Amino acid sequence: MKGPKHPSRTTPPSIVLSRYGGDVVLRFKIRTADEAAALADAVDVLFLDVWEFTTEWADIRLSKDVVPSLLGLLPSSLRDAHTPLMHDLAQAIYESYPSLTFQDPSAPAYDDHRSFSPSLRPSTQTNIFFQNYQPLSVITPWMRLLQSLFPSHVRMLNIGLTYEGRDIPALRVGVHPTNSEKPSEKRKTIIVAGGSHAREWVSTSTVNYIAYTFITEYGKNKDVTKLLEQFDWIFIPTMNPDGYTYTWESDRLWRKNRQQTSLRFCKGLDLDRAWGFEWDRQASNSNPCSESFGGEEPFQAVESRRLANWAKNETENNNVTFSAFVDLHSYSQQVLYPFSYSCTETPPTLENLQECAIGLAKAIRLTKGSIYGVTSACEGSVMASDPLYPKDKSAWPQLESSGGSALDWFYHELRVAYSYQIKLRDTGSYGFLLPASEIVPTGKEALAAVQYLGSFLLGDKGIEKGLEDWRGEGMERVVGLREEMVEEEIEMEVGEVETDDDEGVQWELKR
């Protein structure tokens, strides 16, 4: 039963209104390459905050006072091709925080008579931890608690220190069956990470939701148990603890880390544009105030460098081989595979990437009915087709740099054959400010995708039977889907997918 709303919840406090009350988010409908180029130039000139963009639209946050200047830089066809994405940005920001975040310390304490603990027993109610977004000061002790409650298959680790000296916490979840007769093999490991961009809170909560489900279902659900026996799972709720903390304490819409740049008044580097593979020197050097500024050299961003060094150390010194990398972001509902930096270079394992990506999107759709697009990371943002010539694809101008991504680095440099970036809910109604009521539904979708990924890597390419185990009794059926869930057990005779044998794969790109 939900507690009563706090009376001050109806209107944002003055601190929120003063920062965001004059801002608006506009969605521009893009129809031609010339329109895309004009919008990209205007964004660069006015230092605008690009929220998200696809082949059809771009969402841009700006001050209402800047709107006339923006429209003045755009062609006439774009001046009327925009709509407000949300009518009250300050209110949406305020409501994304837990109800007591802005409570006056002098006000009477509000208690809804609930307390948090990771339950050891099944419950029909949603765990209180996922009823709100949680700050890092809550997430880190929660992770330690999970380790203490489930020591048989959970271990907390530290990826490294951030620019401001915080730990980058992670959970290693897995079981190592002992068999002295077999030689020790490299431990297959899957990374599920979120929070590279600080304001994408639902990516952090989703990593936590998947981790919690895997941890608490071990020994109860045969599919989860098998996945934890066959793989180690590394769950990193936020790769950007400094930025994430800053979104709770100062600016809800902060994207980058908190590292100092060459301009004192423009802090922060984009962690997903700072990796060493195909780092975009021209775009990164242009403007430290840009939301996608990747630094003045590859791996200048401390947190990206820490994760890369940790991953390389695991493979070189700790008998680990990474089978998959899943980087969760928001928003736009897409499953993206390499490459991000180029729309013309073809990944050497393209067919495998596409096959698994389609399965991930289908697993999501069969869970709650949400439609996720599937494409390469580059094509998802800059490729478009002329409706008169659908087979003639041309690369449109980019609104931000796409080189130096974690997705491409793990795939090409670390040879992680199944590397994906999944952009979670929604498609723009709330954007980065997804209500807390969407935490669990989004988590369930991503959980189904990650479970499918593990099953795919073990050679089981069917998804209906595996999803049936997650649905449970009484869970609503998905309506309107073309493919219905399979009721009877299906046995598939398939061979194990070879993910660690690079023989025959031409990884080096043609220059």
Side-chain angles (χ1 to χ4, degrees), residues 16 19-93 96 196-202 243 247 251-256 266 268 270 272-273 283 286-294 329-334 377-378 380-384 395-402 423-434:
V16 176
R19 180 182 283 273
Y20 310 106
D23 288 0
V24 65
V25 180
L26 300 180
R27 169 164 291 186
F28 286 86
K29 182 73 173 178
I30 304 174
R31 290 160 294 194
T32 69
D34 290 339
E35 289 180 349
L39 186 59
D41 290 342
V43 165
D44 188 52
V45 169
L46 298 174
F47 300 158
L48 301 182
D49 180 9
V50 178
W51 272 30
E52 188 57 81
F53 56 98
T54 69
T55 56
E56 298 178 350
W57 48 261
D59 295 342
I60 299 174
R61 170 197 164 212
L62 69 167
S63 169
K64 295 175 184 176
D65 297 336
V66 179
V67 173
S69 299
L70 172 60
L71 297 181
L73 295 173
L74 299 179
S76 57
S77 59
L78 269 183
R79 292 172 191 162
D80 297 323
H82 67 273
T83 56
L85 197 61
M86 55 188 68
H87 295 287
D88 194 337
L89 181 61
Q91 184 70 33
I93 287 172
S96 71
S196 177
H197 295 146
R199 61 192 176 187
E200 298 170 9
W201 285 6
V202 74
T247 63
D251 182 358
R252 173 65 180 85
L253 297 178
W254 186 261
R255 168 183 164 110
K256 301 183 285 184
C266 286
D270 184 345
D272 201 35
R273 296 292 173 259
S286 61
N287 179 19
C289 297
S290 168
E291 292 290 346
S292 59
F293 177 61
H329 286 256
S330 75
Y331 57 97
S332 71
Q333 297 184 190
Q334 297 185 88
C378 179
S381 59
V382 300
M383 291 292 286
W396 286 17
Q398 297 173 305
L399 290 183
E400 63 180 34
S401 167
S402 60
K423 294 193 174 183
L424 304 167
R425 294 188 182 190
D426 59 5
T427 54
S429 297
Y430 294 97
F432 302 123
L433 307 174
L434 201 65

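Treat the numbers as computed from the prediction; the structure is a model and nothing was measured.
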*Would you say the side-chain atoms of Lys29 pair up with the backbone N or O of Asp80, donor to acceptor, closer than 3.5 Å?*
no
*asked:* If you apply the rule side chain to side chain contact (heavy atoms under 4.5 Å, CB included), what do you find for Phe28 with Leu39, and how did you get there?
replied: CA-CA 9 Å; Phe28 286 86; Leu39 186 59; 4.1 Å; yes
*Under the side chain to side chain contact (heavy atoms under 4.5 Å, CB included) rule, what do Thr83 and Leu26 come out as? Steps first, then yes or no, please.*
CA-CA 6 Å; Thr83 56; Leu26 300 180; over 6 Å; no
*Search all heavy atoms of Ala42 against all heavy atoms of Leu70 and return the closest pair with its distance.*
CB-CD1, 3.6 Å
_Minimum side-chain heavy-atom gap Lys423-Gln333 below 4.5 Å_ = no
*Taking all non-hydrogen atoms of both residues into account, name the closest pair between Cys266 and Pro288 and its distance.*
CB-O, 3.9 Å
*Walk me through it: do Tyr20 and Asp88 pass the test side-chain hydrogen bond (donor to acceptor under 3.5 Å, both in side chains)?*
CA-CA 9 Å; Tyr20 310 106; Asp88 194 337; over 6 Å; no
*Beyond-backbone contact of Leu73 with Asp41, side-chain heavy atoms, under 4.5 angstrom*: no
_Ignoring hydrogens, what is the shortest heavy-atom contact between Lys64 and Asp23? Give both atom names and the distance._
CE-O, 3.9 Å
_Quick check against the 3.5 Å criterion: does Asp426 have a side-chain atom that pairs as donor or acceptor with the backbone of Gly431?_
yes
*Arg273 side-chain N/O to Gly294 backbone N/O, donor-acceptor pair under 3.5 Å*: no
_side-chain hydrogen bond (donor to acceptor under 3.5 Å, both in side chains), that's the test. Do Ser332 and Gln334 meet it? Break it down for me._
CA-CA 6 Å; Ser332 71; Gln334 297 185 88; 2.9 Å; yes
*In sequence, state the C-alpha distance, the side-chain angles, and the governing distance for Leu62 and Val67, and then conclude on side chain to side chain contact (heavy atoms under 4.5 Å, CB included).*
CA-CA 7 Å; Leu62 69 167; Val67 173; 3.9 Å; yes
*Worked verdict on Trp201 versus Ser96 for side-chain hydrogen bond (donor to acceptor under 3.5 Å, both in side chains)*: CA-CA 9 Å; Trp201 285 6; Ser96 71; over 6 Å; no
_Heavy-atom closest pair, residues Trp51 and Met86_ = CZ3-CE, 4.0 Å
*For Ala90 and Val16, work out which heavy atoms get closest and say how close.*
O-CG1, 3.6 Å
*For the pair Lys256 and Asp270, find out whether any cationic side-chain nitrogen is under 4.0 Å from an anionic carboxylate oxygen.*
no
_Separation between OG of Ser290 and CZ of Arg255, rounded to the nearest 0.5 Å_ = 8.0 Å
_Trace of the salt bridge (charged side-chain N to carboxylate O under 4.0 Å, His left out) decision for Arg199 with Asp49_ = CA-CA 12 Å; Arg199 61 192 176 187; Asp49 180 9; 2.8 Å; yes
*asked:* When you compare the side chain of Leu46 with that of Val66, does any pair of heavy atoms fall below 4.5 Å?
replied: yes
*Is there a donor-acceptor pair closer than 3.5 Å between any side-chain N or O of Arg27 and the backbone N or O of Ala58?*
no
_Donor-acceptor contact present, side-chain Glu200 to main-chain Ser330, <3.5 Å_ = yes
*asked:* Quick check for you: to the nearest 0.5 Å, what is the distance between Phe432 atom CZ and Asp59 atom CG?
replied: 8.5 Å
*Are any of the side-chain heavy atoms of Arg61 and Leu48 separated by less than 4.5 Å?*
no
*Would you confirm whether Arg31, through its side chain, and Ser77, through its main-chain N or O, come within 3.5 Å as a donor-acceptor pair?*
yes
*Euclidean distance, Leu433 CG relative to Leu89 CG, rounded to 0.5 Å*: 6.5 Å
*Hey, what do you get for CG (Asn287) to OG (Ser292), rounding to the nearest 0.5 Å?*
8.5 Å
*Is the side chain of Arg79 donor-acceptor paired with the backbone N or O of Leu71 at a distance under 3.5 Å, no angle test?*
yes
*In terms of the angle between their ring planes, are Trp57 and Tyr331 parallel, tilted or perpendicular, with boundaries placed at 30° and 60°?*
parallel
*Where is the tightest heavy-atom contact between Val202 and Leu424, given as atom of each residue plus distance?*
O-CD1, 4.0 Å
